[in-house]
Amino acid sequence: MVEYLWRWRVALMATGVGLLAALMRLGALGYPNALVFDEVFYARGAYSLLTMGFEGDWGGDNQDFAQGDYSQLSTKGDYVVHPLTGKLLIGVGIQLFGPTPFGWRFMGAMLGIATVLMVAFIARHLLHSTLWGAVAGVLLAVEGEHIVLSRSALLDGYLTFFVVAAFGLLVVDRARTRRRLFAAADAARERAGMAADAVLPGWGPRTGVRWWRLAAIVTFGLAASVKWSGLWFAAALLVLSVVWDLADRRAARIEHWALGAFARAVPAFVATVILVPITYLATWIPWFRSESSYGRRWAEENPGEGLAWLPEGLRSLVHYHQQMYDFHRTLDSAHNYESNPWTWMLQYRPTAFWFEDVPDADCGAERCVSAIHAIGHPFIWWAGCIALVYAIWRMVRHRDLLSATVSVGLLAGWLPWLPYAQRTIFTFYTVAMAPFLVLLVVWALMRIAQPARLEGGWSRTGVIIVTVYLSAVLVVAGFFTPLWWGTPIPFEYWQVHMWLPSWV
């Protein structure tokens with residue numbers, strides 16, 4: 001009976017969260033019938049990869065592509081500054097539904113739904129509660145930054161999917177390894193005739209090949225093959241997995257727990273420096289296969305230059321990556337919606353993806369507009385600022401591993417950008433932080449509703465606070481949905497959404 005109830009609760013959580021995420025990401029997905037913001041680069045690049053096998057130069061940034069005119073695509077390789085995986089996945093949707101707005105946005109929406117479900121299950125595991133897992137899923141399902149990027153053919157939503165998938169694999173790896181470790185440690189004590197709580201001599205038992213962590217490493221390689229910033233998440237979260245090992249070996253009462261954990265971190269490090277580059281390199285196969293790809297014949301045309309000891313294809317790829325790195329490092333051209341990363345947690349300067357008057361729309365007003373703003377849900381992000389301060393205090397004051405677990409991913413997506421405040425960067429990059437922000441907020445909500453002093457019990461005041469907060473989140477999500485979807489609305493209604501002058 002208990003097993004049946006458990007399965008019923010989990011199924012209900014997954015169904016409810018999945019349906020809400022699907023509604024917010026698939027509803028009116030084909031609108032507007034235009035290239036939104038940087039879709040002009042990635043949707044057209046995906047179409048080029050699909051039809052020619054490489055990214056060709058389109059010659060201009062205009063909306064002809066959205067109207068079915070592909071005549072501007074040339075056979076000259078285009079100089080693009082991001083890897084291929086995100087665009088290859090966008091191409092899957094185009095292959096299924098054609099080069100339409102729905103087609104080039106479809107895979108992003110599906111992976112966005114999958115990300116919401118993964119976060120729900122990760123939260124359920126970390127917080128040992130199906131209820132709090134459902135809360136996490138609901139919060140991400142209605143989080144504006146994640147909704148907009150899931151509904152747009154930009155790369156950051158794809159990056160988010162792979163980062164969360166890798167983190168989920170690490171969570172599974174820890175759960176399986178911890179069970180094996182404790183079972184092996186107990187068996188070793190029993191064989192030695194030791195008490196159940198005795199300190200086990202040595203570095204501790206082996207736990208076998210950690211296939212789930214290897215899968216996570218490969219997935220981090222795929223994240224980097226969408227955008228290089230995936231490497232920051234890989235470094236931070238793989239270090240976190242080592243910290244988990246340290247904590248688990250100490251909890252298992254192993255004498256040299258630190259040495260044992262670090263010794264087993266060596267194979268993980270070796271696997272990382274091998275598997276991540278191999279995975280990343282494999283995603284460039286389309287570039288290698290086409291002689292027309294940008295920079296593909298650079299080594300042949302420049303004999304003796306660059307890393308001369310590499311084969312010509314790899315030497316050309318290395319030179320291309322040097323060009324890409326120089327582009328990102330020196331990008332400082334002014335943009336109306338560039339933002340300072342120090343203000344990202346406040347969503348101070350969100351990115352406007354789309355804005356146009358829609359004179360033929362029936363919105364009940366004299367002036368109708370369609371606008372898409374990548375505004376993170378303000379109540380989730382602003383609450384996250386408070387939760388982050390509290391989590392850091394818990395880490396420093398109490399060495400709280402759970403607070404570190406729910407904070408590291410967010411910090412990995414934010415802190416590396418701070419030294420580049422002078423560069424042309426945008427608030428929508430925070431979409432990769434959003435799943436971890438939700439985990440952080442839900443962890444804080446759980447501590448309000450179920451304070452530690454009650455040992456799992458519920459605080460009446462805390463439950464009221466959390467209920468009011470979640471209700472407000474849902475109401476505000478409904479209020480902002482037209483600006484996340486681009487639904488035609490009265491101009492005055494759009495103005496009401498501009499809560500801060502910096503949002504305009």
Side-chain angles (χ1 to χ4, degrees), residues 1-7 9-10 118 121-130 132-133 165-220 234-276 394-395 398-406 408 439 443 446 450 452 455-456:
M1 184 63 179
V2 174
E3 180 70 14
Y4 171 78
L5 289 174
W6 176 84
R7 291 179 182 274
R9 288 179 180 177
V10 173
M118 287 190 293
F121 279 97
I122 291 170
R124 178 182 176 276
H125 176 82
L126 294 177
L127 303 179
H128 308 288
S129 168
T130 302
W132 291 113
F167 180 60
L169 290 168
L170 289 177
V171 169
V172 174
D173 169 72
R174 186 198 182 186
R176 293 172 63 87
T177 303
R178 182 182 172 92
R179 286 197 299 268
R180 290 179 179 178
L181 174 66
F182 276 72
D186 289 342
R189 290 189 185 93
E190 185 176 350
R191 288 193 301 270
M194 301 170 64
D197 60 348
V199 175
L200 187 67
W203 291 11
R206 298 177 180 273
T207 52
V209 178
R210 298 174 62 167
W211 297 107
W212 291 96
R213 182 150 72 175
L214 292 175
I217 292 170
V218 171
T219 307
F220 279 127
L237 295 174
L238 287 170
V239 168
L240 176 64
S241 74
V242 176
V243 174
W244 287 342
D245 287 351
L246 287 165
D248 291 342
R249 286 183 172 270
R250 185 178 184 183
R253 297 187 62 77
I254 294 169
E255 181 182 15
H256 299 300
W257 51 271
L259 290 174
F262 282 124
R264 284 153 183 84
V266 173
F269 175 78
V270 173
T272 300
V273 299
I274 294 175
L275 290 178
V276 168
R394 291 282 309 176
M395 281 187 275
H398 298 284
R399 298 182 181 179
D400 186 338
L401 184 56
L402 183 55
S403 66
T405 297
V406 296
V408 166
L439 292 175
W443 166 80
M446 186 185 73
Q450 295 180 283
E455 298 180 345

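From a predicted model like this one, the values you see are computed outputs, not experimental measurements.
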Practice task
To the nearest 0.5 angstrom, please state how far the CG atom of Leu238 sits from the CZ atom of Phe269.
Solution key: 11.0 Å
Practice task
Mind running side chain to side chain contact (heavy atoms under 4.5 Å, CB included) on Ile217 and Leu169 for me, showing each step along the way?
Solution key: CA-CA 9 Å; Ile217 292 170; Leu169 290 168; over 6 Å; no
Fill in the blank from the handout: Heavy atoms of Val273 and Val270 approach each other most closely as CG2-O, 3.2 Å
Problem - Over all atoms of both residues, closest heavy-atom pair of Ile122 and Gly168 - result: CD1-CA, 3.7 Å
Problem - Contact check, side chains of Thr405 and Leu439, non-hydrogen atoms, under 4.5 Å - result: no
Handout entry: Basic-acidic side-chain contact under 4.0 Å: Arg213, Asp245
Key = yes
Handout entry: Close side-chain approach of Val10 and Phe121, heavy atoms under 4.5 Å
Key = yes
Handout entry: Heavy-atom check, side chain of Phe220 versus side chain of Leu237, under 4.5 Å
Key = yes
Exercise for the section: Please check if the side chain of Arg180 supplies one atom and the backbone of Thr207 the other of a donor-acceptor pair under 3.5 Å. Expected result: yes
Exercise for the section: Drop me the distance from Leu246's CG to Arg264's CZ, to the nearest 0.5 angstrom. Expected result: 12.0 Å
Problem - Close side-chain approach of Asp400 to Trp443, heavy-atom, < 4.5 Å - result: yes
Problem - Separation of Trp257 CH2 from Arg250 CZ (nearest 0.5 Å) - result: 5.0 Å
Completion exercise
Output for pair (Ser241 OG, Arg210 CZ), nearest 0.5 Å, gives 6.5 Å
Problem - Considering all heavy atoms, the nearest Ala216-Ala166 contact - result: CB-O, 3.5 Å
Handout entry: Shortest non-hydrogen contact between Gly202 and Glu255, atoms and distance
Key = N-OE1, 3.2 Å
Only pairs under 3.5 Å count here: list side-chain donor-acceptor contacts from residues 181-200, not counting sequence neighbours, and write none if there are none.
from   : atom 1 : to     : atom 2 : distance (Å)
Asp186 : OD1    : Arg189 : NH1    : 3.4
Arg189 : NE     : Ala198 : O      : 2.6
Arg189 : NH2    : Ala198 : O      : 3.2
Arg189 : NH2    : Ala252 : O      : 2.4
Arg189 : NH2    : Arg253 : O      : 3.2

Exercise for the section: Apply side chain to side chain contact (heavy atoms under 4.5 Å, CB included) to the pair Leu214 and Val209, showing each step before the final yes or no. Expected result: CA-CA 9 Å; Leu214 292 175; Val209 178; 4.1 Å; yes
Completion exercise
For Trp132 and Gln450 the tightest heavy-atom approach is NE1-OE1, 2.8 Å
Practice task
Check the side chains of Thr130 and Arg124 for a donor-acceptor pair under 3.5 angstrom, ignoring hydrogens and angles.
Solution key: yes
Exercise for the section: Answer whether the closest heavy-atom distance between the side chains of Pro205 and Ile254 falls below 4.5 Å. Expected result: yes
Handout entry: Distance in Å, Trp244 CH2 paired with Leu170 CG, rounded so as to fall on 0.5 Å steps
Key = 6.0 Å
Handout entry: CZ on Arg249 to CZ on Arg178, rounded to 0.5 Å
Key = 12.0 Å
